[in-house]
Amino acid sequence: MFVSKSMTKKLITVTDETDILEVGKIMRDNKIRHIPVVDDSYILLGIVTDRDIRSAMPSVALEDFNSKEERNKLSGLKVKDIMTTDLVTVSPTYTLQDVLLLFQKHHFGALPVIDDNKVLLGIISIRDLLRAFIGVMGIGEPGTLLCIVAEHKVGQMKKIVDIITAENISMGSILVARHWEEGKRAVFPYLLTQNLVRVKKKLQEAGYELLDPMKWHLEQLPKNE
């Protein structure tokens with residue numbers, strides 16, 4: 001799935017001449033934490049965040065925190081004085097997996113999406129990613145997650161799927177992950193049913209081990225893979 005299908009396109013933007021008190025109010029009123037900074041041609045100049053605003057504000061411990069003089073000083077600060085200009089951006093043709101890796105590497109909460117001319121097209125955020133993956137995995141529908149331990153070899157996935165579909169059970173999604181035992185994988189089908197007695201029995205009869213999905217965790221995985 002591509003970024004263009006999941007990004008937020010209706011954006012609130014500011015110019016680099018907007019004063020920071022106004023930006024702070026815009027963030028509070030709209031419950032947002034990132035605002036793109038653009039020019040008249042909608043070319044991306046930078047990003048201003050709630051953290052940038054907080055860093056520019058005086059400490060509440062100061063005696064003159066709410067004084068008229070202090071507020072006048074702050075009103076003279078513009079977005080260009082505090083915005084981040086060294087940006088990591090993505091193209092609308094990036095995949096959600098690409099963006100997920102960037103979030104993990106840089107610890108961002110959102111990334112601007114631009115075209116080849118640096119025109120802002122949208123923003124992709126952690127919330128957008130979650131919404132997209134919920135849709136892709138089908139976990140918005142009532143169902144049950146299984147954890148099946150299978151040998152890591154060709155044909156295992158088809159065998160598991162055949163057993164499940166033979167019971168007239170639909171799958172919202174199916175994921176495959178590493179297992180801590182060499183030569184094996186953990187298969188996680190999300191089944192759109194609560195009645196698992198028969199399918200569990202058939203899987204066990206076929207030689208598969210079933211685990212409690214809640215007991216599978218990354219810390220058990222081998223560190224050298």
Side-chain angles (χ1 to χ4, degrees), residues 1-57 74-143 145 170-177 188 190 192 218:
M1 185 179 291
F2 295 107
V3 165
S4 60
K5 302 298 183 183
S6 302
M7 67 185 183
T8 298
K9 298 177 182 178
K10 294 182 179 179
L11 302 177
I12 295 172
T13 61
V14 295
T15 72
D16 60 354
E17 290 295 328
T18 308
D19 73 64
I20 68 167
L21 293 180
E22 181 181 347
V23 174
K25 183 177 186 304
I26 291 172
M27 287 183 177
R28 291 191 299 273
D29 291 347
N30 293 277
K31 296 181 173 60
I32 55 178
R33 300 175 59 186
H34 311 81
I35 299 183
V37 184
V38 297
D39 66 11
D40 292 340
S41 299
Y42 222 60
I43 291 175
L44 182 67
L45 302 177
I47 289 282
V48 63
T49 70
D50 58 342
R51 180 178 296 180
D52 296 326
I53 299 292
R54 290 197 305 271
S55 297
M57 298 292 283
L74 286 173
S75 66
L77 280 178
K78 304 298 182 182
V79 166
K80 64 184 178 183
D81 299 317
I82 64 169
M83 69 181 185
T84 299
T85 56
D86 184 18
L87 301 176
V88 175
T89 61
V90 296
S91 159
T93 58
Y94 274 43
T95 66
L96 297 186
Q97 292 92 326
D98 294 330
V99 176
L100 188 60
L101 291 173
L102 284 172
F103 281 152
Q104 182 186 40
K105 180 179 179 180
H106 297 285
H107 307 290
F108 294 138
L111 287 168
V113 185
I114 61 173
D115 66 12
D116 293 340
N117 296 314
K118 297 186 178 180
V119 174
L120 181 66
L121 302 177
I123 278 187
I124 184 81
S125 67
I126 292 290
R127 182 176 297 179
D128 295 324
L129 276 185
L130 286 174
R131 185 175 62 248
F133 278 112
I134 286 172
V136 168
M137 296 173 64
I139 57 178
E141 300 181 60
L145 185 68
S170 297
M171 287 187 291
S173 63
I174 186 166
L175 298 176
V176 180
F188 295 88
Y190 186 74
L192 303 183
L218 292 173

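Along the sequence shown, residues are numbered consecutively beginning with 1. Only heavy atoms go into these numbers, but all of them, side chains included; no hydrogens, no water, no symmetry mates.
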Exercise for review: Report yes if the side chains of L102 and F108 come closer than 4.5 Å at any heavy-atom pair, otherwise no.
Suggested key: no
Review point. What pair of heavy atoms forms the shortest contact from V14 to V79, and how long is it?
Key: CG2-CG2, 4.2 Å
Practice item. Kindly determine whether S91 and V3 satisfy side chain to side chain contact (heavy atoms under 4.5 Å, CB included), including the steps that lead there. Key: CA-CA 8 Å; S91 159; V3 165; over 6 Å; no
Practice item. Inspect the contact between D81 and K78 and indicate whether a charged nitrogen and a carboxylate oxygen are less than 4.0 angstrom apart. Key: no
**Study point:** Heavy-atom side-chain proximity of I26 to I12 below 4.5 angstrom
**Key:** yes
Check your understanding: Tell me, do L175 and Y190 make a side-chain contact under 4.5 Å, heavy atoms counted?
Key -> no
Practice item. Considering non-hydrogen atoms only, spot the tightest contact between M27 and R33 and give its length. Key: CE-O, 3.9 Å
Exercise for review: Drop me the distance from S4's OG to I124's CD1, to the nearest 0.5 angstrom.
Suggested key: 9.5 Å
Review point. How long is the gap from CG on L77 to OG1 on T18, to the nearest 0.5 Å?
Key: 13.0 Å
Review point. Got P112 and L120 here, is their nearest side-chain heavy-atom distance under 4.5 Å?
Key: yes
Revision key, fill the gap. Output for pair (L111 CG, Y94 OH), nearest 0.5 Å, gives 9.5 Å
**Study point:** Exercise: identify the closest heavy-atom pair between L121 and I114
**Key:** CD1-C, 4.0 Å
Review point. Which pair of heavy atoms, one from G122 and one from L11, lies closest together, and at what distance?
Key: CA-CD1, 3.6 Å
Point to revise | Separation of Q97 CD from F133 CZ (nearest 0.5 Å) | key: 5.0 Å
Check your understanding: Do the non-hydrogen side-chain atoms of N117 and I43 ever get within less than 4.5 Å of each other?
Key -> no
**Study point:** Passing candidate, side-chain contact (heavy atoms from CB on, under 4.5 Å) with I53, options L21, I35, V48
**Key:** V48
Review point. To the nearest 0.5 Å, what is the distance between NZ (K10) and CD1 (I123)?
Key: 15.5 Å
Exercise for review: Kindly compute the distance separating CG (D39) from CG (L44), expressed to the nearest 0.5 Å.
Suggested key: 9.0 Å
Check your understanding: Do we see a donor-acceptor contact under 3.5 Å between the side chains of T49 and D52?
Key -> yes
Practice item. Identify the two heavy atoms, one from P92 and one from F2, that lie closest to each other, and give their separation to 0.1 Å. Key: O-CB, 3.8 Å
Review point. Where do V37 and M83 come nearest, in terms of heavy atoms and distance?
Key: CG1-SD, 3.7 Å
